[in-house]
Amino acid sequence: MSAQTLSRPRPASSASRWYRRAAGALAFAALIELASRTGLADPEFLPPASEIVWRAGALLLDPGFGAHALTSLLAWAIGLCVAALLAVPLGLLLGSVPIIDAAMRSVVEFLRPIPSVALIPLVALVIGTGLQHRIALVVYASLWPILYNTMYGLRGVDPLAKESLRAYGFGPLSVLLRVSLPSSAPFITTGIRLAAGVALILTVSTEIVAGRGEGIGVFIFFAGIAVPARMTDILAGVFWVGVFGVVVNALLVAAERRAFRWHHAQRGERS
């Protein structure tokens with residue numbers, strides 16, 4: 001056994017990682033509880049963590065909040081799926097055909113930095129403020145992480161594998177489907193995982209700005225404009241948004257590790 005192998009730290013087990021994360025979450029909740037109970041923070045604006053969690057649990061039994069949550073999840077899921085269906089083929093095209101990449105580069109670099117939130121009024125005027133409004137903004141915001149990760153993944157494809165297929169008479173499309181796409185798949189899934197978080201942010205933000213219809217963001221908006229503001233409801237709604245984001249990210253990470261064990265094994269060897 002080499003000295004390098006002995007000095008390499010052992011990766012933490014899955015259970016150990018979850019224990020650490022749970023401990024961090026409990027410590028954060030305890031800090032909020034202490035700050036609110038001792039007067040370090042005004043309880044009117046920062047209720048104790050126990051009250052927030054209690055209210056969040058009560059919302060699970062509230063059919064009205066359930067309708068809000070389902071509307072938000074529907075917009076999030078549709079927008080993310082549409083973004084993936086658009087971004088992956090576009091990324092493969094731009095990453096495989098340099099001429100098209102050069103022609104489209106200025107357009108992509110112009111559109112990418114535009115904040116999706118800034119487009120909320122424009123999109124509302126063009127297509128209205130219903131479900132399609134949220135989906136359109138989620139698609140726009142989620143497109144870029146998937147697109148750039150797809151293009152990045154194509155750049156890392158082994159050129160020897162592509163040349164070997166070409167030497168046996170395979171055309172560009174066959175090389176793309178047999179080598180480039182499988183090799184870049186781990187990067188595409190990482191882009192989708194990043195886009196899932198972006199999509200959730202845009203869904204709730206759009207609902208808060210629109211302030212009408214249904215959605216968790218609408219629930220938070222009306223709790224905020226109430227007199228007095230219902231801070232416990234606001235933070236309970238934020239709590240469930242955060243829980244959903246954590247659960248989705250954990251599921252996508254687990255699926256990614258299970259589907260691409262060979263990729264993580266290679267990264268472990270290189271590290």
Side-chain angles (χ1 to χ4, degrees), residues 75-119 123 135-203 245 248-271:
W76 170 83
I78 294 176
L80 183 62
C81 290
V82 172
L85 291 174
L86 293 175
V88 172
L90 182 59
L92 293 174
L93 180 64
L94 296 178
S96 303
V97 185
I99 296 178
I100 298 179
D101 181 31
M104 294 293 296
R105 176 65 62 177
S106 58
V107 177
V108 171
E109 292 299 333
F110 172 76
L111 293 175
R112 184 176 63 89
I114 298 177
S116 302
V117 177
L119 299 176
V123 177
I135 293 174
L137 289 166
V138 169
V139 169
Y140 180 83
S142 305
L143 188 75
W144 309 112
I146 305 174
L147 175 66
Y148 274 85
N149 272 272
T150 302
M151 297 172 63
Y152 179 80
L154 286 178
R155 295 193 185 102
V157 176
D158 185 2
L160 182 59
K162 295 192 291 186
E163 291 300 329
S164 298
L165 280 186
R166 294 192 186 105
Y168 282 101
F170 288 93
L173 183 59
S174 295
V175 173
L176 177 65
L177 296 178
R178 292 172 180 267
V179 176
S180 299
L181 183 58
S183 297
S184 58
F187 298 93
I188 295 174
T189 56
T190 299
I192 293 174
R193 179 164 57 85
L194 296 174
V198 174
L200 184 60
I201 294 171
L202 255 294
T203 300
V248 168
N249 184 73
L251 291 175
L252 291 176
V253 168
E256 182 181 345
R257 290 182 178 275
R258 186 177 183 86
F260 304 110
R261 291 178 180 176
W262 55 269
H263 177 70
H264 294 283
Q266 289 177 351
R267 291 175 60 184
E269 290 176 359
R270 285 196 293 266
S271 63

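- The main-chain N or O of V139 is never found under 3.5 Å from a side-chain atom of S142 such that the two would form a donor-acceptor pair.
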>> As a quick check of understanding, evaluate side-chain contact (heavy atoms from CB on, under 4.5 Å) for V97 and D101, giving each step before the final call.
In response: CA-CA 6 Å; V97 185; D101 181 31; over 6 Å; no
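- Counting only heavy atoms from C-beta outward, the side chains of M104 and L90 never approach each other to under 4.5 Å.
- The two residues A196 and W76 make their nearest non-hydrogen contact at O-NE1, 3.0 Å.
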>> Between L92 and L154, does the side-chain contact (heavy atoms from CB on, under 4.5 Å) criterion hold? Intermediate values first, please.
In response: CA-CA 7 Å; L92 293 174; L154 286 178; 3.9 Å; yes
>> Quick one, L147 with L94, criterion side-chain contact (heavy atoms from CB on, under 4.5 Å). Give me CA distance, side-chain angles, the key distance, then yes/no.
In response: CA-CA 9 Å; L147 175 66; L94 296 178; 4.2 Å; yes
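- Once rounded to the nearest 0.5 Å, the distance linking CG of L85 with CG of L80 reads 9.5 Å.
- Counting only distance, with no hydrogens or angles, the side chain of N149 and the backbone of P145 share a donor-acceptor pair below 3.5 Å.
- Between the OG1 atom of T150 and the CZ atom of R155 there is a distance of 11.0 Å, given to the nearest 0.5 Å.
- Nearest heavy-atom pair across S116 and L202 is CB-CD1, 3.5 Å.
- Closest heavy-atom contact between L137 and L119: CD2-CB, 3.9 Å.
- Rounding to the nearest 0.5 Å places CG of N249 at 8.5 Å from CG of L194.
- The two residues T203 and A75 make their nearest non-hydrogen contact at CG2-CB, 4.2 Å.
- Of all the heavy atoms in A83 and L143, the pair that sits closest is O-CD1, 3.9 Å.
- W144 and Y140 have perpendicular rings, their planes meeting at more than 60° on a 0 to 90° scale where under 30° would count as parallel.
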